[in-house]
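Reviewing the structure listed below.
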Amino acid sequence: IGLSSTQAGGVPLPLDLDPIFGTQGCKLYVSVDVSAFAVTSAQAPATLSASFPILPDWSGNSLLLQHVTLEPVAGGLSASNAVAVQFGF
C-alpha cells in the first residue's frame, strides 16, 4: 500500500525489479508505505482478503495498491500492476 506512484524513498517509480531480484518483467509502481504479509493455500485460486477501517476524512483521497507474491518463477517473485483506490467522490 502506498501514497505515491512517482517515487519511493527518493527513487523514481516505476522501478525495475529485475536487476535487484533476478525477476523477469517485474516493476515496482507504488511506494511501499505500508506492507502486509499473508499465507494462502497452494490451491488455485488463492484468496486473500483484508479489511481496515475507512475514516470519513479520507474522502477525496486515494491509496495505491500493488501485489507481490512468492512463486516458482525467475527470481522467486511475481509482481502485479498497480491500482488506485479512491475514497468518496
Quick one, Y29 with N81, criterion side-chain contact (heavy atoms from CB on, under 4.5 Å). Give me CA distance, side-chain angles, the key distance, then yes/no. CA-CA 7 Å; Y29 293 103; N81 290 326; 4.1 Å; yes

Checking side-chain contact (heavy atoms from CB on, under 4.5 Å) for the pair L77/T69: CA distance, chi angles, key distance, verdict? CA-CA 6 Å; L77 295 174; T69 188; over 6 Å; no

Starting at CG of L15, measure out to SG of C26 and round the result to the nearest 0.5 Å. 11.5 Å

In the structure I gave you, are the side-chain heavy atoms of P14 and L28 within less than 4.5 Å of one another anywhere? no

Are V32 and I1 grouped together when hydrophobic residues (ILVMFWY) are joined by side-chain heavy atoms under 4.5 angstrom apart? no

What I'd like to find out is whether the side chain of V30 reaches to under 4.5 Å of the side chain of L65, using heavy atoms alone. no

Taking side chain as C-beta onward, heavy atoms only, is L63 less than 4.5 Å from F87? yes

Within a strict 4.5 Å, meaning less than it, do heavy atoms of the V85 and S62 side chains meet? no

Quick one: pull up CD in Q86 and CG in N61 and give me the separation to the nearest 0.5 Å. 7.5 Å

Verify the neighbour count for atom CD of E71: are there more than 12 heavy atoms of other residues, nucleotides or ligands below 6.0 Å? yes

Can you tell me how far CG of L17 sits from OG1 of T23, rounded to the nearest 0.5 angstrom? 5.5 Å

With the side chain counted from C-beta on, respond yes when Q66 and S80 share a heavy-atom pair under 4.5 Å apart, and no when they do not. yes

Using 0.5 Å steps for rounding, measure from the CG atom of L64 to the OG1 atom of T6. 9.5 Å

